Amino acid sequence: MINRRTMLASGLAASAAVLARAKLVAAQHAGHGDPPPPAPTSHKVAAPVGPLKLTKGRAVAGEGYTPVVMPHVGTLPFEKKAGVKVFHLTAEPVKHVIAQGLEIEAWGYNGTTPGPLIECVEGDRIRIYVTNKLPEATSVHWHGVLLPNGMDGVAGLTQKAIPVGKTFKYEFTMRKAGTFMYHPHFDEMTQIALGMVGMIVVHPRRRDGRRVRDYALMAHEWMIPIGAKRPDPLAMSDFNVLTFNSKAFPATEPLVAERGDLVRIRLGNLGPMDSHPIHLHGYSFEVTETDGGQVPRTARRPETTTIVPVGAVRVIEFVADAEGDWALHCHMTHHVMNQMGHDAPNLIGANTQGLDARVGRVVPGYMTMGATGMGHMHKMQLPDNSISMLGGDGPFGLIDMGGMFTIVKVRKKLSGDNDPGWFEHPAGTVAIEATADELARDGLKV
Ligand SMILES: [Cu+2]
């Protein structure tokens with residue numbers, strides 16, 4: 001009998017990976033080269049970023065906390081039964097759109113990846129039913145939550161795996177406030193790679209009265225062979241789609257705030273293999289919490305980038321005192337691109353004139369990888385079910401970012417919950433081309 005391990009050992013998986021790689025390189029040559037001179041009509045072009053209807057946090061009467069907003073995902077409802085908050089998670093296959101043009105067959109919870117945010121208050125008794133509608137067994141580990149050993153969700157070690165079609169019950173008291181996560185602890189390699197991740201926020205009982213904009217973003221990384229719908233759980237290093245809450249820019253919702261708000265962004269990472277140095281423009285912030293608890297005030301330091309390791313939470317806070325549209329993104333350059341391939345020859349600076357035509361005779365559709373850089377590769381013909389490597393439309397042209405990139409929009413006043421659109425810059429505060437007079441005045445010869 002061939003199971004996953006013997007298949008790996010036999011090298012079948014390796015040859016499948018080689019095949020996938022060959023297809024990827026072929027697709028890359030077909031789709032990621034210089035654009036052909038006349039614009040073809042079948043271009044799929046990234047959707048504009050805004051205005052969007054933004055996800056709302058789920059305010060719960062009588063609970064007294066400011067609900068956390070988990071863009072694109074939302075919050076898991078509960079019912080109170082004899083003083084216990086009762087939740088129901090269903091592990092199931094999910095059809096998910098990463099960005100317009102890229103639909104995947106993922107696994108998740110309650111119809112979404114990541115699963116819905118579980119939100120409660122320090123000291124709450126909670127009961128979570130988990131129904132398994134996957135084609136294989138699963139379990140749920142409550143990552144970072146302090147609980148009885150038998151509720152820890154490690155299949156085989158602390159409980160039986162939840163069989164297909166069955167519902168298990170977890171029940172414990174949320175002893176500690178903080179930001180935590182949930183994920184399977186059975187066949188993690190497959191189930192996490194297919195999108196089974198989620199976040200938990202336990203609000204402190206005692207809260208200060210400050211107005212806060214509270215967001216949760218789960219970082220994830222996927223290997224989605226070009227044209228395929230099923231992410232490849234065998235990927236170990238060559239991830240080609242990077243997401244916040246399973247959305248890649250330009251499909252990521254902006255995070256909005258008004259001047260003077262305290263902004264809290266809870267960054268989680270359960271992506272299979274990589275840490276992400278998350279960088280915020282326009283501000284310095286402090287890391288106030290990890291999934292281990294509060295960082296003592298005396299240990300906090302100002303940062304503009306914080307690494308969020310796999311299996312960790314970093315909560316950042318800052319006061320929104322600078323208006324604008326500020327980028328928030330992973331600083332690994334390949335993590336702000338979509339479906340890039342890495343095996344193409346480097347032709348930057350090379351003279352490739354005529355090459356496309358000659359190679360095109362034997363490889364129809366062949367295009368040479370950008371010889372003058374790759375910033376223009378956003379409006380190319382794309383294979384089916386794939387998204388452009390880079391780009392969304394911005395107020396000044398192309399925003400040549402993809403993947404793990406979003407925008408923090410700070411405004412003096414917000415009206416309602418919608419995306420406020422693009423920032424209107426005060427006169428004289430945008431970088432523009434220098435005039436000849438200015439160059440002469442400052443003695444520059446260019
Ligand atoms: Cu990254």
Side-chain angles (χ1 to χ4, degrees), residues 52-92 108-131 140 142-147 151 167 169-183 197-218 244-246 253 255-258 261-268 288-289 291 293-294 313 315 317 414-418:
L52 295 168
K53 186 112 179 83
L54 304 184
T55 308
K56 275 188 191 172
R58 188 174 178 281
V60 182
E63 294 295 328
Y65 54 74
T66 304
V68 174
V69 175
M70 191 158 184
H72 306 286
V73 177
T75 309
L76 187 64
F78 63 81
E79 277 186 41
K80 260 190 178 161
K81 304 269 179 177
V84 179
K85 288 182 179 171
V86 179
F87 298 84
H88 186 195
L89 274 182
T90 300
E92 60 189 356
Y109 298 96
N110 298 43
T112 66
T113 168
L117 175 73
I118 295 174
E119 200 173 17
C120 59
V121 179
E122 180 185 13
D124 278 349
R125 183 79 177 165
I126 65 165
R127 187 179 302 138
I128 308 181
Y129 291 99
V130 178
T131 299
V140 183
W142 315 99
H143 179 119
V145 177
L146 304 181
L147 37 61
M151 292 291 155
T167 297
K169 184 188 76 173
Y170 294 88
E171 183 166 334
F172 44 88
T173 299
M174 286 296 196
R175 289 159 48 197
K176 195 169 88 171
T179 310
F180 311 112
M181 302 187 285
Y182 62 93
H183 63 82
V197 297
M199 292 186 77
I200 302 169
V201 171
V202 184
H203 292 275
R205 258 298 132 209
R206 291 171 64 104
R207 288 178 282 275
D208 58 23
R210 169 138 216 179
R211 198 171 67 170
V212 63
R213 300 268 172 179
D214 203 329
Y215 294 102
L217 291 180
M218 176 67 93
F244 282 139
N245 292 349
S246 300
E253 276 180 19
L255 312 182
V256 298
E258 275 185 6
D261 288 341
L262 177 70
V263 181
R264 181 180 298 133
I265 305 174
R266 304 168 190 260
L267 301 160
T288 57
E289 269 180 45
D291 40 340
Q294 288 270 330
V313 169
V315 179
E317 289 186 6
L414 288 168
S415 53
D417 292 317
N418 290 340

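Being a predicted model, the structure only gives us computed values, none of them experimental.
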Checklist outcome for this item: Taken in chain and number order and not counting sequence neighbours, the residues that satisfy salt bridge (charged side-chain N to carboxylate O under 4.0 Å, His left out) with Arg211 are Glu258, Asp261
Checklist entry - Do Leu414 and Arg213 have side chains that get closer than 4.5 Å, going by heavy atoms? => result yes
Next on the checklist: For a 4.5 angstrom cut-off between non-hydrogen side-chain atoms, does Leu262 reach Glu317?
Outcome noted: yes
Next on the checklist: Measuring from atom CZ of Phe78 to atom CZ of Arg58, what distance do you get when rounded to the nearest 0.5 angstrom?
Outcome noted: 6.5 Å
Checklist entry - So do Leu117 and Val201 actually touch side chain to side chain, heavy atoms under 4.5 Å? => result yes
Next on the checklist: Between Leu217 and Ile265, is the side chain to side chain contact (heavy atoms under 4.5 Å, CB included) condition met? List the steps.
Outcome noted: CA-CA 7 Å; Leu217 291 180; Ile265 305 174; 4.2 Å; yes
Checklist entry - Got a donor-acceptor contact below 3.5 angstrom from the Thr112 side chain to the Pro114 backbone? => result yes
Item to check | Least distance between heavy atoms, Glu289 atom then Gly178 atom | outcome: OE1-CA, 3.6 Å
Item to check | Check: Glu122 side chain, Arg205 main-chain N or O, donor-acceptor pair, under 3.5 Å | outcome: yes
Next on the checklist: Just verifying a value: how many Å separate Ile118 CD1 and Ile126 CD1, rounded to the nearest 0.5 Å?
Outcome noted: 6.5 Å
Checklist entry - Would you call His203 and Cys120 a side-chain contact if the rule is heavy atoms closer than 4.5 Å? => result no
Item to check | Tyr109 side-chain N/O to Val130 backbone N/O, donor-acceptor pair under 3.5 Å | outcome: no
Checklist entry - So, does Asp291 use its side chain to make a donor-acceptor pair with the main chain of Gly144 at under 3.5 Å? => result no
Checklist entry - Rounded to the nearest 0.5 Å, what separation is found between the OG1 atom of Thr179 and the CD1 atom of Ile200? => result 10.0 Å
Next on the checklist: Could you check whether any side-chain N or O of Ser246 sits under 3.5 Å from a backbone N or O of Thr113, counting only pairs where one atom can act as donor and the other as acceptor?
Outcome noted: yes
Item to check | side chain to side chain donor-acceptor pair (under 3.5 Å) involving Glu253 - partner list, sequence neighbours excluded | outcome: Thr55
Checklist entry - Under 3.5 Å, is there a donor-acceptor pair between the side chain of Asn245 and the main chain of His72? => result no
Checklist entry - Would the number of heavy atoms belonging to other residues, nucleotides or ligands and lying under 6.0 Å from CZ of Arg206 be above 12? => result no
Next on the checklist: When you compare the side chain of Val73 with that of Pro71, does any pair of heavy atoms fall below 4.5 Å?
Outcome noted: no
Checklist entry - What closest approach, in Å, do Tyr215 and Val256 show between heavy atoms, and which atom pair accounts for it? => result OH-O, 2.6 Å
Item to check | Full working for side chain to side chain contact (heavy atoms under 4.5 Å, CB included) between Val145 and Tyr182 | outcome: CA-CA 9 Å; Val145 177; Tyr182 62 93; over 6 Å; no
Next on the checklist: Does any part of the side chain of Val197, heavy atoms only, come nearer than 4.5 Å to the side chain of Met181, both counted from C-beta?
Outcome noted: no
Item to check | Taking every non-hydrogen atom, the tightest pair across Val86 and Lys81 | outcome: CG2-CG, 3.7 Å
Next on the checklist: For Thr90, is there any backbone N or O sitting under 3.5 Å from a side-chain donor or acceptor partner on Asn110?
Outcome noted: yes
Item to check | Salt-bridge criterion met for Glu63 and Lys85 (N-O under 4.0 Å) | outcome: yes
Checklist entry - Distance from Leu267 atom CG to Met218 atom CE, nearest 0.5 Å? => result 10.5 Å
Next on the checklist: Between Arg266 and Asp214, is there a side-chain heavy-atom distance shorter than 4.5 Å?
Outcome noted: yes
Item to check | Exercise: identify the closest heavy-atom pair between Val69 and Lys56 | outcome: CG2-C, 4.3 Å
Checklist entry - CD1/Ile128 to CD/Glu171 distance, rounded to the nearest 0.5 angstrom? => result 10.0 Å
Item to check | Criterion ring pair (Phe, Tyr, Trp, His ring centres under 6.0 Å) against Tyr170, the qualifying member of Phe87, Trp142, Tyr129 | outcome: Trp142
Checklist outcome for this item: Here the gap from His88 atom NE2 to Arg127 atom CZ, rounded to the nearest 0.5 Å, amounts to 13.0 Å
Next on the checklist: Is there a side-chain contact between Val121 and Met174 in this structure, where contact means two heavy atoms from C-beta onward sitting under 4.5 Å apart?
Outcome noted: no
Next on the checklist: Check whether Glu92 reaches the backbone of Gly111 with its side chain - one donor and one acceptor, N or O, closer than 3.5 Å.
Outcome noted: yes
